[in-house]
K.L.:
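Would you mind keeping the following structure in view while I ask a few things?
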Amino acid sequence: MLTAKLSVTYEDDWTSSLASYDVSGEFLASTFRDRRYFGLFALEVAEEDYDNVIETIRDHESTVSVDVIEQYSIGGVDRLSATLLIRSQHFEYTPLQVLLHEGYIPLGGFGELRNGSESFDLLLTDREYLSDAVELLERFGPVKIEYVSSDFQRRTTPSVTEWNKLFDSITPRRRTMLNKALEAGYFDIPRGSTLEEIADDLDIAKTTASQHLRKAERSIMEFFIQYINISAKNTTE
């Protein structure tokens, strides 16, 4: 059994048109029926490129409509994240639909977009099966084999339920404390601010500020450390 990552530049699609922008993304869901494509796409893009990226997708000849479901800034790095609902019309299957139709098993989602190319993690029986996958994707454009491994490793990521549980544990007061501490450089090395200074800015006692911050940090660390340990375990085995 093999796992492999293949990338393809879909030359006639809007995805390849984004190669000139500082943008990456992930296809969260998609369906294809009667030449109609519906897809949920999460992108991350440089703030200065955002409008051009949206217009590039909207202006493509296959696109019917693009709805921005959510958009928010990624603090401190001049980047935006957005989730798009894309409706389009295709006269042929997309790369993902071809793979699914031919019985390939994508791992970890519906594909990613990097540097204008769509990439897929696939579960394969042998190298002949890999060669067939390359041949299938080459009808859309240049194909690159990113890696091939004989070791199966499932991508371990938090579930939606686990994410929501973490978010619910960060109360408004704790969220305010985290944002203020980050903004003031409290987590920098060396520190850009002291806990007492942050407490004074929020007009609360230093002990109260400390409690809010430590409880928030503990929730976040308990959440992430389990996945860090799993990742380290999979890497060393």
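Owing to the predicted nature of the structure, the values given are computational and were not obtained by experimental measurement.
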K.L.:
How far apart are the closest heavy atoms of S150 and L2, and which atoms are they?
P.N.:
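Answer, listing the atom of S150 first, then L2: CA-CD2, 3.9 Å.
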K.L.:
So for atom CG, which belongs to D12, do other residues, nucleotides or ligands contribute more than 12 heavy atoms lying within a distance under 6.0 Å?
P.N.:
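Incorrect, the count does not exceed 12.
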K.L.:
Using 30° and 60° as the class limits, which term best fits the ring planes of F224 and W163: parallel, tilted or perpendicular?
P.N.:
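Correct class here is perpendicular.
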K.L.:
Treating R114 as the side-chain partner and V23 as the backbone partner, does any N or O pair qualify as donor plus acceptor under 3.5 Å?
P.N.:
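The answer is no, because no donor-acceptor pair under 3.5 Å joins these two groups.
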K.L.:
Could you check whether any side-chain N or O of T176 sits under 3.5 Å from a backbone N or O of P172, counting only pairs where one atom can act as donor and the other as acceptor?
P.N.:
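Indeed, once roles are kept as given, a pair shorter than 3.5 Å links the two residues.
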K.L.:
Does E55 pair with R58 as a salt bridge, N-O distance under 4.0 Å?
P.N.:
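Here E55 pairs with R58 in a salt bridge, since their nearest N and O are under 4.0 Å apart.
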K.L.:
Roughly how far, to the nearest 0.5 Å, is the CG atom of L122 from the OH atom of Y104?
P.N.:
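Separation between the atoms: 8.0 Å.
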K.L.:
Minimum heavy-atom separation for F187 to A181, with atom names?
P.N.:
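Closest approach of F187 to A181, heavy atoms only: CE1-CB, 3.7 Å.
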K.L.:
Enter the distance from L130:CG to T125:OG1 here, rounded to the nearest 0.5 Å.
P.N.:
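L130 CG to T125 OG1: 10.0 Å, rounded to 0.5 Å.
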K.L.:
In Å and rounded to the nearest 0.5 Å, what is the CE to CD distance from M221 to Q226?
P.N.:
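If I round to the nearest 0.5 Å, the distance is 11.5 Å.
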K.L.:
Assess the residue pair E118 and F27 against the criterion (side-chain contact (heavy atoms from CB on, under 4.5 Å)); give the C-alpha distance rounded to whole Å, side-chain angles, the decisive distance to 0.1 Å, and a yes or no.
P.N.:
CA-CA 9 Å; E118 297 181 41; F27 295 91; 4.2 Å; yes
K.L.:
Quick one: salt bridge (Lys or Arg N to Asp or Glu O under 4.0 Å) partners of R173, sequence neighbours excluded?
P.N.:
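Residues passing salt bridge (Lys or Arg N to Asp or Glu O under 4.0 Å) with R173: none at all.
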K.L.:
Could you state whether L166 and M177 fall into the same hydrophobic cluster, counting links through intermediate Ile, Leu, Val, Met, Phe, Trp or Tyr residues with side-chain heavy atoms under 4.5 angstrom apart?
P.N.:
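Looking at the clustering, M177 is in the same group as L166.
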K.L.:
If I compare all heavy atoms of R174 with all of S169, which pair ends up nearest, and what's the gap?
P.N.:
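Of all heavy-atom pairs spanning R174 and S169, the closest is NH1-O, 3.0 Å.
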K.L.:
So, does S81 use its side chain to make a donor-acceptor pair with the main chain of Y72 at under 3.5 Å?
P.N.:
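No, S81 side chain to Y72 backbone: no donor-acceptor pair under 3.5 Å.
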K.L.:
Report the distance from atom OG of S20 to atom CG of N52, rounding to the nearest 0.5 Å.
P.N.:
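Interatomic distance, S20 OG to N52 CG, rounded to 0.5 Å: 8.5 Å.
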K.L.:
Provide the closest heavy-atom pair for T56 versus W14 in the form atom of the first, atom of the second, distance.
P.N.:
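Closest pair (atom of T56, atom of W14, distance): O-CB, 4.4 Å.
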K.L.:
Would you kindly confirm whether V66 and L113 end up in one hydrophobic cluster when ILVMFWY residues are joined by side chain heavy atoms under 4.5 Å apart?
P.N.:
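Cluster IDs for V66 and L113 match.
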K.L.:
More than 12 heavy atoms of other residues, nucleotides or ligands under 6.0 Å from CZ of R127: yes or no?
P.N.:
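Result for CZ/R127: open.
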K.L.:
For a 4.5 angstrom cut-off between non-hydrogen side-chain atoms, does Q71 reach Y50?
P.N.:
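Yes, at least one pair of side-chain atoms sits under 4.5 Å.
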K.L.:
Return a table of donor-acceptor pairs under 3.5 angstrom between the side chains of residues 83-99 and protein atoms on other chains or two or more places apart.
P.N.:
unit_1, atom_1, unit_2, atom_2, d
T83, OG1, E70, OE2, 2.7
R87, NH1, S65, OG, 3.4
R87, NH1, D67, OD2, 2.8
S88, OG, H90, NE2, 3.2
T94, OG1, Q97, N, 3.3

K.L.:
Between OG of S117 and CD of E146, what distance do you get to the nearest 0.5 Å?
P.N.:
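Result: 8.0 Å between the selected atoms.
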K.L.:
Check ring pair (Phe, Tyr, Trp, His ring centres under 6.0 Å) between H60 and all other residues, then give those that pass, not counting sequence neighbours.
P.N.:
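H60: no ring pair (Phe, Tyr, Trp, His ring centres under 6.0 Å) contacts found.
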K.L.:
More than 12 heavy atoms of other residues, nucleotides or ligands under 6.0 Å from CG of N115: is that the case?
P.N.:
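At most 12 heavy atoms, drawn from other residues, nucleotides or ligands, come within 6.0 Å of this atom.
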K.L.:
How long is the gap from CG on L124 to CG on L6, to the nearest 0.5 Å?
P.N.:
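Output value for this atom pair is 7.0 Å.
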K.L.:
Can you give me the closest heavy-atom contact between T9 and G116, atom names plus distance?
P.N.:
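Of all heavy-atom pairs spanning T9 and G116, the closest is CG2-O, 4.0 Å.
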K.L.:
Establish whether I69 and L43 are linked, either directly or via other cluster members, by ILVMFWY side-chain heavy-atom contacts under 4.5 Å.
P.N.:
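Not linked; separate clusters.
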K.L.:
Are L195 and I220 connected in a single hydrophobic cluster, I mean Ile/Leu/Val/Met/Phe/Trp/Tyr linked by side-chain heavy atoms less than 4.5 Å apart?
P.N.:
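They do share one cluster, since a chain of ILVMFWY contacts under 4.5 Å joins I220 to L195.
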K.L.:
So T3 and Y147, do their side chains get closer than 4.5 Å, heavy atoms only?
P.N.:
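With C-beta onward as the side chain, the pair touches.
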K.L.:
Hydrophobic clustering (ILVMFWY, side-chain heavy atoms < 4.5 Å, transitive) - are F32 and V64 grouped together?
P.N.:
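No.
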K.L.:
For residues S30 and F110, report the shortest heavy-atom separation together with the two atoms involved.
P.N.:
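Looking at all heavy atoms of both residues, the shortest contact is OG-CD2, 3.7 Å.
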K.L.:
Do the non-hydrogen side-chain atoms of F120 and V8 ever get within less than 4.5 Å of each other?
P.N.:
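Contact flag for F120/V8 side chains = yes.
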